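The chains referred to below are lettered A, B, ... by the order of the sequence lines, with proteins before strands, and numbering in each begins at 1. Just so you know, these numbers use all the heavy atoms, side chains as well, and skip hydrogens, waters and symmetry mates. Keep in mind the model is a prediction, meaning the values are calculated, not measured.
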Number of protein chains: 2
Amino acid sequence: MPKKSKKADIIDTATVLFAGKGFANTSMAEVASLTGIAGATIFYHFKTKEELFVSVLENVKTGLVQAFSLYFQEEHFPTGLERLLGAVAYHLHLSETKKEWFLLLRRHYTHELAAVHPACRRHLEVVYTCLVEIFEKALTIGQEDGSIGPLSAKKTALIILAMVDGILQLESNNLYNAGTLYSELLASCRRMVENKQ
Amino acid sequence: MPKKSKKADIIDTATVLFAGKGFANTSMAEVASLTGIAGATIFYHFKTKEELFVSVLENVKTGLVQAFSLYFQEEHFPTGLERLLGAVAYHLHLSETKKEWFLLLRRHYTHELAAVHPACRRHLEVVYTCLVEIFEKALTIGQEDGSIGPLSAKKTALIILAMVDGILQLESNNLYNAGTLYSELLASCRRMVENKQ
DNA sequence: GTACTAACTGATCGATCAGTCAGTATTACG
DNA sequence: CGTAATACTGACTGATCGATCAGTTAGTAC
């Protein structure tokens, strides 16, 4: 196994903790102990707790953008509609294999900090722009090939993102076994955007 | 103006603070000072911070259930489809006039506590059951009168709830001016559930 | 080896905060 | 009025946590 730098180890540990327990409830001491280093070491690599958080978010951003770009490099779709449904399905899939990423993005602190911290805001914007544009592009393609009806691609992309995110939220809050809803979600998306023959 | 009890004052102040800054970032001292009472007074009415939070949540539950019940007492709809869209619109409307309620329900701490604290969990369940059943009932009525197509009422109700909640989330995170999306959201709901003629 | 730098650490500090307690004010009632 | 309960308060405590700092170790260059 490749020996990772301690700095990267800290970021990995912090990602899980920030995502799982939130910023305020995660202590630097806990990050240090789970990483297997002394408490003061974190402050050598990151000046403040906030700076650590931003590094974590940047790391998530990079990973997420890369994952989607890779997916569309390998997959190809006959119609825009199928491309859209593929994107939704991959979004759902990623949120299972990389739960921490999406938990972190859904944490309130992430958005509170973004309102105040320019670098943090930029990372968040990149993530959301990436997600929205994926849907938007699929919708535009679908309108050209006739698989998708006439609607505002931009606004519909936002609504689909909200819908997917809302389902993931329900699931992560253990309110309903949302896994059961995945196929129903895809069907609902299809009904929502497909061209009435 | 009716003189309110200090206990009710504390709950009102705490609702705004817990909703706006979260549980961990709200100090009992702040709640006390904004309510205009001494710090120790809160602990006379509520044994712990957690108990205060549960009282706040209970209060939100009561208000929310009442608001929806009142709405459907006064409004009547010609079709199930219109009833559904009315419910969605009222949900969006309430989330503006009673922002704190929905912010509180979306806070992670609310769900983390619910996983451990039975009374808290019960309050949350009442709220979500109320919201889901409103959509579910409208869908069922619509299927009977032919305005809504054949689909699982329960699952579709969950998806619509997730969609509305997702839009509100986008808005409260200042990511997009989601207000612009309200009419598009209603149109999308309609396309999703209406009976193909 | 020596010299220099980067990585890392243990001990500690100051601030914050939930919760306690012993006591004071306020109300209700005979 | 008296007295008893309820409502409220100021001063304090113990624990937690972010951050600092003086110092040690590991790595690299010569």
Side-chain angles (χ1 to χ4, degrees), chain A residues 1-59 104 107-110 112-113 116-117 119-120, chain B residues 1-59 104 107-110 112-113 116-117 119-120:
Chain A
M1 64 181 81
K3 82 167 177 205
K4 281 158 57 185
S5 76
K6 291 205 176 175
K7 191 170 178 177
D9 285 346
I10 294 169
I11 290 183
D12 288 346
T13 307
T15 304
V16 175
L17 288 177
F18 283 152
K21 327 192 341 172
F23 182 79
N25 289 314
T26 300
S27 75
M28 296 297 259
E30 195 179 0
V31 176
S33 102
L34 283 188
T35 311
I37 57 173
T41 302
I42 300 184
F43 290 96
Y44 172 75
H45 291 288
F46 307 93
K47 266 199 281 288
T48 62
K49 192 183 180 185
E50 186 179 300
E51 191 182 307
L52 171 59
F53 185 87
V54 175
S55 293
V56 164
L57 182 61
E58 179 174 15
N59 194 52
L104 195 86
R107 284 274 162 197
H108 288 96
Y109 181 78
T110 310
E112 280 155 21
L113 187 62
V116 163
H117 190 297
C120 176
Chain B
M1 66 181 79
K3 83 169 179 204
K4 280 160 54 189
S5 76
K6 291 205 176 174
K7 189 169 178 178
D9 285 348
I10 294 170
I11 290 183
D12 287 346
T13 307
T15 304
V16 175
L17 288 177
F18 283 152
K21 327 190 346 171
F23 182 80
N25 289 314
T26 300
S27 74
M28 297 296 261
E30 196 179 358
V31 175
S33 103
L34 283 187
T35 310
I37 56 173
T41 303
I42 301 185
F43 290 96
Y44 172 74
H45 292 288
F46 307 93
K47 265 199 283 291
T48 63
K49 193 182 180 185
E50 188 179 298
E51 191 183 306
L52 170 59
F53 185 87
V54 174
S55 293
V56 165
L57 181 61
E58 180 173 15
N59 194 52
L104 194 87
R107 284 273 161 196
H108 288 95
Y109 181 77
T110 309
E112 280 154 22
L113 187 63
V116 163
H117 189 296
C120 177

With rounding to the nearest 0.5 Å, note down the distance linking [atom1] in [X] to [atom2] in [Y].
X	Y	atom1	atom2	value
Ile10(B)	Tyr44(B)	CD1	OH	11.0 Å
Ile42(B)	Ile37(B)	CD1	CD1	5.0 Å
Phe23(A)	Thr110(A)	CZ	OG1	10.0 Å
Asn25(A)	Asn25(B)	CG	CG	8.5 Å
Arg107(B)	Glu112(B)	CZ	CD	11.5 Å

Q) Could you write nucleotides 6-11 of chain D as a row of B, S and -, 5' to 3', where a protein heavy atom under 4.0 Å of any base atom gives B, of only sugar-phosphate atoms gives S, and otherwise -? A) SBBBB-

**Q.** Considering all heavy atoms, the nearest Gly39(A)-Ala32(A) contact
**A.**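 Closest heavy-atom pair between Gly39(A) and Ala32(A): CA-CB, 3.7 Å.
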
Q. What's the shortest heavy-atom distance between Ser55(A) and Ile11(A), and which atoms?
A. CB-CD1, 4.0 Å

Q: Go through Phe18(B) and Leu52(B) one step at a time and tell me if the side chain to side chain contact (heavy atoms under 4.5 Å, CB included) criterion holds.
A: CA-CA 10 Å; Phe18(B) 283 152; Leu52(B) 170 59; 4.1 Å; yes

Contact between [X] and [Y] at the side-chain level, heavy atoms closer than 4.5 Å - yes or no?
X	Y	value
Thr48(B)	Glu51(B)	yes
His45(B)	Thr41(B)	yes
Asp12(A)	Thr35(A)	no

Between [X] ([atom1]) and [N] ([atom2]), how many Å, whole number?
X	N	atom1	atom2	value
Phe23(B)	dT16(C)	CZ	P	19 Å
Met28(B)	dA18(C)	CE	P	7 Å
Glu30(A)	dG18(D)	CD	C1'	14 Å
Phe46(A)	dA19(D)	CZ	C1'	16 Å
Phe43(B)	dT13(D)	CZ	P	17 Å
Lys47(B)	dA18(C)	NZ	P	18 Å

Q.
Please list, in numerical order, the residues of residues 9-16 of chain B that have a heavy atom closer than 4.0 Å to any atom of DNA chain C.
A. none

Q. Looking at DNA chain C, which of residues 50-59 of chain A put a heavy atom within less than 4.0 Å of it?
A.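 Contacts with DNA chain C under 4.0 Å: none.
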
Q: May I ask you to decide if Leu17(A)'s main-chain N or O and Thr26(A)'s side chain share a donor-acceptor pair within less than 3.5 Å?
A: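 Yes; judged by distance alone, with no hydrogens or angles, the pair exists.
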
Q | Angle by which the axis turns from one end of the helix from dG1(C)-dC30(D) to dG30(C)-dC1(D) to the other, five pairs per end, to 10 degrees | A | 10°

Q: Could you list the residues that satisfy salt bridge (charged side-chain N to carboxylate O under 4.0 Å, His left out) with Lys6(A), not counting sequence neighbours?
A: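 For Lys6(A), no residue satisfies salt bridge (charged side-chain N to carboxylate O under 4.0 Å, His left out) once neighbours in sequence are set aside.
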
Q) With a cut-off of under 6.0 Å to the ring centre and 45° to the axis, is Lys7(B) in cation-pi contact with Phe46(B)? A) yes

Q: Using a strict cut-off of less than 4.0 Å between a Lys/Arg side-chain nitrogen and an Asp/Glu carboxylate oxygen, indicate whether Glu30(B) and Lys49(B) qualify as a salt bridge.
A: no

N/O to N/O distances under 3.5 Å, protein versus nucleotides 22-28 of chain D:
none

